Trainee: 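I am attaching a structure below and will ask some questions about it afterwards.
Along the sequence shown, the residues carry numbers beginning at 1. Here the structure is a predicted model, which means the values were calculated and not measured.
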Amino acid sequence: MTFYTYGYLTTHHNSWQYLRIGLIIALLAVFIGLFVYYLRHRWNVKYKDMSIITGTLVLLVLGFQINGLVSLRSATEQTGEITATVQNVAKQLDVHPSKLAVNATTTNTNLLIKAPSGYYRLDYNADGSAYVLERVQLHRPKVTIVKE
């Protein structure tokens, strides 16, 4: 069973976004260069074809980037929900949130929290607006903790 620390939940970011932005900028520079070279030498159709291929690659990578940003935004919202839950549980247990670990990065029905005093299960009501915190005993837990 994998538990994620509060520090991991608050600092986990997707660094692939920066690589994709760099790739888009590089492809745009190549596209502009090939297109300008084609406009100067219209007799050489090879550069027109290469600029069309590069432009298609730019659109493809741009589509992946937009999809990634939408996914990142959704994940950030869900992480915000789970961190708020961890903060509330920390207040109830009278511990600092950094001492807690949770078994999911999103709020769900089978949420377990590892605290210094033991393991706790959160049972949400039907609409998810409230929860019950219940201490549980795990049978032979194989726990892996993912930190920052």
Side-chain angles (χ1 to χ4, degrees), residues 1-38 47-148:
M1 185 177 301
T2 304
F3 282 85
Y4 303 95
T5 63
Y6 181 75
Y8 175 82
L9 293 173
T10 56
T11 61
H12 182 66
H13 299 290
N14 192 351
S15 61
W16 286 101
Q17 301 299 325
Y18 299 118
L19 181 65
R20 287 183 185 162
I21 290 172
L23 182 62
I24 288 171
I25 291 171
L27 283 172
L28 275 173
V30 170
F31 172 72
I32 290 170
L34 287 171
F35 192 68
V36 166
Y37 195 80
Y38 164 70
Y47 294 104
K48 176 184 173 186
D49 295 339
M50 288 174 56
S51 65
I52 290 173
I53 291 170
T54 307
T56 304
L57 283 174
V58 166
L59 291 176
L60 180 68
V61 173
L62 191 61
F64 284 139
Q65 179 66 19
I66 291 170
N67 186 26
L69 287 175
V70 168
S71 297
L72 182 64
R73 182 176 179 205
S74 173
T76 302
E77 289 173 358
Q78 290 175 351
T79 301
E81 292 173 3
I82 193 73
T83 55
T85 302
V86 170
Q87 289 171 351
N88 289 336
V89 170
K91 282 182 188 175
Q92 282 184 322
L93 296 176
D94 199 27
V95 296
H96 195 268
S98 63
K99 303 248 186 227
L100 299 179
V102 64
N103 72 332
T105 56
T106 60
T107 54
N108 58 27
T109 57
N110 297 322
L111 198 60
L112 292 176
I113 293 188
K114 182 183 180 304
S117 59
Y119 294 95
Y120 294 87
R121 181 177 64 195
L122 268 74
D123 286 331
Y124 287 96
N125 64 351
D127 63 353
S129 62
Y131 60 85
V132 173
L133 187 63
E134 176 184 25
R135 187 175 178 144
V136 294
Q137 185 70 31
L138 297 180
H139 181 67
R140 290 190 227 165
K142 296 177 184 175
V143 174
T144 305
I145 297 179
V146 179
K147 298 181 180 181
E148 300 175 45

Trainee: Write down the atom of Y47, the atom of L34, and the distance for their closest heavy-atom approach.
Mentor: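 Scanning both residues completely, I find the closest heavy atoms to be CD2-CD2, 3.7 Å.
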
Trainee: NE2 of H139 to CD of Q137: how many Å apart, nearest 0.5 Å?
Mentor: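 Atom-to-atom, H139:NE2 and Q137:CD are 10.5 Å apart.
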
Trainee: If you compare all heavy atoms of L93 against all heavy atoms of Y120, which two are closest, and at what distance to 0.1 Å?
Mentor: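 So the two residues come closest at CD2-CZ, 3.8 Å.
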
Trainee: Taking side chain as C-beta onward, heavy atoms only, is T54 less than 4.5 Å from F35?
Mentor: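 The answer is no, as the side chains (C-beta and beyond) never meet within the 4.5 Å cut-off.
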
Trainee: Students often mix this up, so state it plainly: with edges at 30° and 60°, are the rings of F3 and Y119 parallel, tilted or perpendicular?
Mentor: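 Ring orientation of F3 relative to Y119: tilted.
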
Trainee: Any chance you could measure F31, atom CZ, to T56, atom OG1, to the nearest 0.5 Å?
Mentor: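 Atom-to-atom, F31:CZ and T56:OG1 are 8.5 Å apart.
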
Trainee: Is it true that atom CG of D94 has more than 12 heavy atoms of other residues, nucleotides or ligands lying nearer than 6.0 Å?
Mentor: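 Counting other residues, nucleotides and ligands, CG of D94 stays at 12 neighbours or fewer.
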
Trainee: Let me confirm one number: the CD-CD1 distance from E134 to I113, rounded to the nearest 0.5 Å.
Mentor: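 It comes to 12.5 Å.
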
Trainee: Minimum heavy-atom separation for R135 and G118, please, with both atom names.
Mentor: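 Of all heavy-atom pairs spanning R135 and G118, the closest is NH2-CA, 3.8 Å.
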
Trainee: Less than 4.5 Å apart, side chain to side chain, heavy atoms only: is that true for L23 and L27?
Mentor: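 Yes; the side chains approach each other to less than 4.5 Å.
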
Trainee: Roughly how far, to the nearest 0.5 Å, is CD1 of I24 from CG of L57?
Mentor: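 Reported to 0.5 Å precision, the distance equals 11.5 Å.
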
Trainee: Heavy atoms only: give me the nearest L100-V86 pair and the separation to one decimal.
Mentor: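 Minimum heavy-atom separation between L100 and V86: CD1-O, 3.7 Å.
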
Trainee: Any chance you could measure Y6, atom OH, to H96, atom NE2, to the nearest 0.5 Å?
Mentor: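 NE2 of H96 is found 8.0 Å from OH of Y6.
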
Trainee: Within a reach of under 6.0 Å around OH of Y124, are more than 12 heavy atoms found that belong to other residues, nucleotides or ligands?
Mentor: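 It does: Y124 OH has more than 12 such atoms within range.
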
Trainee: Out of L133, V102, V132, N88, which one pairs with L122 under the side chain to side chain contact (heavy atoms under 4.5 Å, CB included) rule?
Mentor: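 Among L133, V102, V132, N88, the one meeting side chain to side chain contact (heavy atoms under 4.5 Å, CB included) with L122 is L133.
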
